[in-house]
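Written out below as structure tokens is the structure these notes cover.
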There are 2 protein chains.
Amino acid sequence: MEPIKILVVDDEPNIRDLLASGLRFAGFSVLAVGNGNDAVTAAEKGNPDLILLDVMLPDMSGFSVTKKLRSMNILAPVLFLTARDEIEDKITGLTVGGDDYMTKPFSIDEIIARINAILRRTKQASVEKSVIEVGEVRIDEDAHDVFVNGESVELSPTEYKLLRYLMENANRVLSKAQILDHVWEYDFNGEMGIVESYISYLRKKLDPLTNEPVLLTKRGHGYMFKSLKKK
Amino acid sequence: MEPIKILVVDDEPNIRDLLASGLRFAGFSVLAVGNGNDAVTAAEKGNPDLILLDVMLPDMSGFSVTKKLRSMNILAPVLFLTARDEIEDKITGLTVGGDDYMTKPFSIDEIIARINAILRRTKQASVEKSVIEVGEVRIDEDAHDVFVNGESVELSPTEYKLLRYLMENANRVLSKAQILDHVWEYDFNGEMGIVESYISYLRKKLDPLTNEPVLLTKRGHGYMFKSLKKK
DNA sequence: AGCAACGTTCAGCATTCTCACAGGTTCTGG
DNA sequence: CCAGAACCTGTGAGAATGCTGAACGTTGCT
């Protein structure tokens, strides 16, 4: 099976590397460049399945890059990255086709979820299903719905992301640092205690509906989503 | 089968030697350097499978090293080492890919376990399975779960590490000094009586579930995990 | 503006863990 | 068979870790 190719375009090396290593670890084949011209060249040669494109680039804007690509008949969907206070209005018009956009700062897991969502929509086969089901809990990625034994559960955005990350790694201990790095935005500067808080929130919502606790504390190591049956 | 190559980067010679000899004995091919510049050079030439990287280096931080490596397209996973008080502030963002981190002081066996965990997740080949099974006892390294004849047993972190070390060396006598060196943190300066205590704890938890004692005392020599069947 | 939902920190509480110690038990050499 | 060595294990103090409710600021919605 061919790996899915992603072209990452961001001028900040930190963000670029963060994205590259995160996406590579998630199984994508990644090519990363730092400006618009290189992006066009790389897209032409590399024929990526998706382009992760910062809107603010040193030489040309992400819009121009997209326009140029389209005129060259390169139709890979684009996931735009933009700072929170930058022009959200102008972006909305651009997310035609399969495109989408995200604001910085983001969490790496959220980026991957969006990428998968886009690829799913643009009829790429071989992309994982939009439903994650482990034991008694089921998540619908498209609708952002969570069900426990058929009963719907309302989760806040952060609760949802945390649960998804834990379920994607079911039956594997995840340290608080790993959870923080994957679920929270990359510029989060707080304490790990917040993970404990959110684990607590999730338990309060999930445990009344499950036959046995699904979120286990592995003292000294971290947390684990447990299910008897394998995924 | 090619040995797995590890690059060790730490400026304290004691720690560096401890790591190097411990990892060599565990079967890895080790290259050890003392600063960030040498690390970059060595990584470039040596093409290691994993990098053990102290965050505090004399010339540049572990972050910069990683950044430099990534920009050179050296994608070996990194296991960061950091003092316990440096942890809380700047550790976030480190474990995005397959990376992980550990706090100093550590135990050498714990380092090896983490290395294997990372290698298991990145390259799936040629790395031992995450399950250690000897006789009636089974350990799941990913979940940190312990089963005796199918029944789950709850162990504290130290109990778990001790049991793992004994099982990795099943049917071989281990002296208390060896156990102390492998299982306890390298700056532990207590008495060996602690080993006796933890052996006792383990027996109290394991013996009720086994058909015959698995932890044998070799008076005057040490302890041994015994199993009739070979692993 | 007012309100509700959310994210974040913090402090107090509870639990668990580590480790030392000490008295008891088993083993071994002479 | 005795004495000393080696080992076992209960007790408890203090530390580490984790849980949770409360408070507060921010954001978005009506």
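Quick note on labels: first sequence line is chain A, next is B, and so on, each numbered from 1. Since we're looking at a predicted model, the values are computed, not measured.
Listed by chain and residue number, B/Arg121, B/Thr122 satisfy the side-chain contact (heavy atoms from CB on, under 4.5 Å) test with A/Phe25 (two or more places apart in sequence, or in another chain). Residues satisfying the side-chain hydrogen bond (donor to acceptor under 3.5 Å, both in side chains) test with A/Asp142, not counting sequence neighbours, are A/Arg120, A/Ser130. Legend: residues meeting ring pair (Phe, Tyr, Trp, His ring centres under 6.0 Å) with A/His221, ordered by chain and number and at least two apart, are B/His144. Remark: B/Arg172 engages B/Asn169 in a side-chain hydrogen bond (donor to acceptor under 3.5 Å, both in side chains) (not counting sequence neighbours). Annotation: side-chain hydrogen bond (donor to acceptor under 3.5 Å, both in side chains) contacts of A/Arg114 (sequence neighbours excluded): A/Asp100.
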Table of protein N/O atoms under 3.5 Å from nucleotides 13-23 of chain C N/O atoms:
| residue | atom | partner | partner atom | Å |
| --- | --- | --- | --- | --- |
| C/dT15 | O2 | A/Arg219 | NH2 | 3.2 |
| C/dT18 | OP1 | B/Thr158 | N | 3.0 |
| C/dT18 | OP1 | B/Thr158 | OG1 | 2.3 |
| C/dT18 | OP2 | B/Ser156 | OG | 2.6 |
| C/dT18 | OP2 | B/Tyr198 | OH | 2.8 |
| C/dT18 | O5' | B/Tyr198 | OH | 2.9 |
| C/dC19 | OP2 | B/Trp184 | NE1 | 2.7 |
| C/dC19 | N4 | B/Tyr201 | OH | 2.6 |

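Boundaries of the chain A contact region on DNA chain D are D/dT17 to D/dG21, first to last in 5' to 3' order (nucleotide atom under 4.0 Å from a heavy atom).
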Check: residues 147-158 of chain A side-chain donor-acceptor pairs under 3.5 Å, at least two apart:
| residue | atom | partner | partner atom | Å |
| --- | --- | --- | --- | --- |
| A/Asn149 | ND2 | A/Glu136 | OE1 | 2.6 |
| A/Asn149 | ND2 | A/Leu209 | O | 3.1 |
| A/Ser156 | OG | A/Glu159 | N | 3.3 |

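Remark: P of C/dG7 and CG of A/Leu180 are 14 Å apart, rounded to the nearest angstrom. Straight-line distance from the CZ atom of B/Arg203 to the C1' atom of C/dT25: 13 Å, rounded to whole Å. Between A/Leu162 atom CG and C/dC6 atom P there is a gap of 15 Å when expressed in whole angstrom units.
In B/Glu191, the CD atom is not crowded: 12 or fewer heavy atoms of neighbouring residues, nucleotides or ligands sit closer than 6.0 Å.
For residues 12-21 of chain A, the salt bridge (charged side-chain N to carboxylate O under 4.0 Å, His left out) pairs, not counting sequence neighbours, are A/Glu12-A/Lys104.
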